[in-house]
Amino acid sequence: MSEALNIIKDPTLTYNQELIALAKLGENSDDTLVYSDEYYKAFNSRALCDLGEGKMPYRPRYICPDYELLFEKGCKFLELDPPKDLLEAINVLEIFYRHVPSITTFPVYLGDLDKLLEPFVLKEERSYAKKLLKLFLLQIDKVLTDSFVHADIGPEDSVTGRLLLELSEEMQLAVPNITLRYDPERTSDDFALACIKCMLKTAKPSFANHRMFVKEWGENYAIASCYNGLLKAGGGYTLPRMRLYECSLTAKDTEDFVNRELPRYIDLQLEYMDKRVKFIVEEASFFKANFLATEGFVKEENFTGMFGVVGLAECVNHLLGIEDKKKGFGINKEATALGLKIMDVIDERVKAHVAPYCEATDHRYRLHAQVGINTDGMDDSPGTRIPIFAEPTMLEQLQTNEKFHPYFPTGTGDIFKFEETYEKTPEAILPIIKGSFGRGLRYFSGYLENCDVVRVTGYLVKKSEIEKLKAQKQSLNNVTVFGMGAQDGAHALDRRIQRHEDNSTGQ
Amino acid sequence: MRSTAGYSVMKITAPVNKIIPFSNVDGPSNRMAIFFQGCPFNCRFCHNPETIHMCNDCGDCVKTCPVGALSLKEGKVTWNKDLCVNCDTCIKTCRHDASPKVTRMTTDELMEKILEVSPYIQGITLSGGECTLQKEFIKELFPKVKALGLTTLLDSNGSLDFESNEDILEYCDGVMLDVKAYNKEFSDWLIRYPNDVVLKNLDHLLATGKLEEVRTLIFPDRDKENEATVRYVAETIKDRCRYKIIRYRQFGVREEYRKELGDFTTGEDYAMRYVELARSLGASKAILV
Ligand code: SF4
Ligand code: SF4
């Protein structure tokens with residue numbers, strides 16, 4: 001059977017997924033873009049990965065349109081006038097979203113929804129505004145069926161922001177992803193708390209360190225896809241990744257890796273990025289003919305390339321011969337120090353490389369800690385995260401993250417689990433976010449752990465008691481078989497993301 | 001402690017059983033909770049009986065530790081933190097309601113730990129065991145903690161008479177006080193310590209504005225005793241501070257006492273009755289935990 005026939009006959013794919021898969025097949029039938037033999041060798045050994053971008057990029061990977069311009073001027077190509085009320089605003093957005101391409105074919109950035117819609121929401125009765133927003137969110141969830149569809153809110157409190165939180169809780173929809181751009185000086189504690197409460201119940205919004213992003217990008221940045229920092233009216237051309245664990249396999253030792261293998265792989269990934277960026281700008285019709293470009297919703301000079309890495313923990317542990325990950329990267333000081341050294345090498349080398357068509361980022365690519373895809377298995381932990389099941393205390397996890405997050409202007413993040421009692425004490429989470437953002441954490445996601453045992457107050461919980469309790473709990477509900485894996489929150493969450501990810505390749 | 005020859009001052013230390021860097025259940029917001037070893041009470045329901053007494057170096061647990069994390073050195077039990085796998089076999093072995101996993105720390109050593117966590121917390125809570133057994137240590141520690149802009153709370157069973165120990169409260173933002181039993185007879189049986197001082201502290205802390213919260217445990221099927229305690233506390237504190245009504249839970253309770261008190265957790269509805277009682281008596285900040 002041909003690959004096309006396989007796709008067509010596959011009963012597990014929706015029509016839309018078949019369409020995407022067949023398009024990818026068509027794209028991959030062209031060999032215009034060629035790389036060095038060295039590159040293909042690295043690609044075939046899985047050291048370098050193109051994250052399913054395909055052979056012939058016909059649009060940038062991520063596009064963050066200037067929705068403010070859309071509301072100001074309307075869109076000639078789509079024959080849309082600037083909206084005059086909330087109903088029109090929502091209608092304009094829904095139509096426009098359908099025409100924003102990306103690697104996933106769905107828009108990865110829906111705009112700063114609270115700011116965009118607030119003037120219109122304020123003109124309506126709250127209940128009517130809420131009803132319209134509810135239909136808007138429903139439309140997004142059912143039509144833009146991809147968990148990399150992302151909306152931003154904040155830093156300031158707003159009626160629209162509050163309504164979006166309320167609706168997220170009420171509707172429990174997977175799409176869109178939401179990020180609060182958090183700045184302790186501009187975001188009130190009250191609004192931040194409302195976001196935390198919603199986050200504990202729905203795993204969104206996540207918190208982005210607004211000051212950190214502003215310092216790197218200026219005010220005009222967007223959080224798109226999973227947690228990518230990019231410019232509005234711009235985006236990201238391409239996001240390949242170095243699978244650092246696989247990269248480390250060809251090194252004789254740490255010295256050989258840091259001084260020879262690592263720089264070699266970096267250069268190969270840069271070669272790949274340069275060729276693709278040039279192709280997108282010079283050959284593909286996107287920047288010349290697509291209405292997004294011709295009407296100024298995106299500008300080529302606001303795009304950059306995202307240099308991705310994944311699996312730093314496994315890379316370091318392999319180089320140091322550490323088999324027990326509970327004694328490795330993130331826990332063991334020597335391992336963490338080697339991680340920092342590797343990141344310094346990557347950072348310096350990428351910064352030394354003059355990148356084509358990256359005007360807004362000083363003609364440089366920017367680093368991205370890639371979150372992993374479902375085919376990675378346990379070989380490569382997301383970006384620079386400490387491996388699942390090896391996470392130390394939250395304090396240590398934060399301290400490690402704070403060292404690594406500053407390297408990644410185009411995005412990184414970590415997920416923190418909270419036991420059930422936090423549902424009643426969300427205010428205990430805010431100082432953690434404030435403290436860590438002041439110390440270099442870039443992006444914070446949290447959720448409630450479905451935990452059997454919680455500490456009530458004033459006394460300690462003993463491990464032996466926890467085990468007894470778990471045993472009891474299991475006998476009480478012997479229908480529910482809790483495997484270790486299912487009990488681990490992070491794993492369960494990953495699984496949930498993957499379920500919605502389905503066929504998409506976006507990160 | 002001063003040595004007789006000259007005035008060289010020995011550093012004050014306190015036995016630390018455990019430090020929880022981030023706690024959301026030991027006072028408001030995010031706090032570092034520090035648990036000291038040793039308690040003058042011997043409550044039947046104690047959830048952490050291993051924190052009651054100081055280790056007497058009998059050496060029993062040294063023999064049962066599966067990983068050799070414990071050893072006897074010059075008659076003293078020493079614990080190797082790095083080897084320990086936290087299986088709690090030692091705690092099960094110990095017949096003295098003690099633990100070998102206790103570290104003596106000076107205030108400077110503890111401050112180092114606090115400093116590391118300080119960016120993420122609103123304050124610290126000292127708990128136990130009974131923290132006020134370490135009153136000299138606390139007097140030295142709290143001014144240093146306040147200097148970092150953190151709040152300072154004590155989680156206390158009320159065994160120390162605060163009125164005659166005013167100086168411990170000077171740098172303390174508040175006390176979370178357990179009022180375990182009002183009925184004298186019940187109290188003598190339950191905590192095995194006179195409760196007059198606890199009730200006196202309740203008044204004194206209220207009067208001085210240092211009462212952060214009061215907690216009372218609700219035991220299964222002890223209507224009379226539960227009611228007496230809740231009634232007294234509620235009528236005393238009214239709406240002036242938070243009142244946590246906590247369900248008795250059997251976890252960690254010594255087996256012989258579990259038989260007396262119940263090998264199960266107080267029902268939620270049953271406990272809720274006392275929350276409502278407290279509220280009806282004016283304790284509007286009564287909540288169920
Ligand atoms: S908990 Fe006690 S018995 Fe278990 S390893 Fe640690 S010291 Fe040894
Ligand atoms: S902890 Fe208990 S068993 Fe171990 S030496 Fe001390 S008193 Fe003995």
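Quantities reported herein were computed from a predicted structural model and do not represent experimental measurements. Each chain gets a letter, A, B and so on, in the order the sequences are listed, and its residues count up from 1.
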CD of B:Glu255: more than 12 outside heavy atoms within 6.0 angstrom? no
How close do A:Glu419 and B:Asn24 get, counting heavy atoms only, and between which atoms? OE2-OD1, 4.4 Å
Where is the tightest heavy-atom contact between A:Ala428 and B:Asn30, given as atom of each residue plus distance? O-CB, 3.1 Å
Just by distance, no angles: are the side chains of A:Glu427 and B:Gln122 close enough, under 3.5 Å, to form a donor-acceptor pair? no
What verdict does the side chain to side chain contact (heavy atoms under 4.5 Å, CB included) test give for A:Met394 and B:Tyr120, after you've listed the backbone C-alpha separation in whole Å, the side-chain angles of each residue and the deciding distance to 0.1 Å? CA-CA 11 Å; A:Met394 187 179 302; B:Tyr120 314 93; over 6 Å; no
For A:Ser436, is it the side chain, the backbone, both or neither that has a heavy atom under 4.5 Å from a heavy atom of chain B? both
Toward chain B: residues of residues 328-341 of chain A with heavy atoms under 4.5 Å: none
Stepwise side chain to side chain contact (heavy atoms under 4.5 Å, CB included) check, B:Val25 with A:Thr425: CA-CA 8 Å; B:Val25 295; A:Thr425 61; 5.8 Å; no
Can you check side chain to side chain contact (heavy atoms under 4.5 Å, CB included) on A:Ile429 and B:Phe22, steps first, answer last? CA-CA 10 Å; A:Ile429 295 176; B:Phe22 291 177; over 6 Å; no
Just wondering, are more than 12 heavy atoms of other shown residues or ligands nearer than 6.0 Å to CD in B:Glu112? no
Nearest-0.5 Å distance that lies between atom CG in A:Leu395 and atom CD1 in B:Ile121: 9.5 Å
Exceeds 12 heavy-atom contacts within 6.0 angstrom, atom NZ of B:Lys146: yes
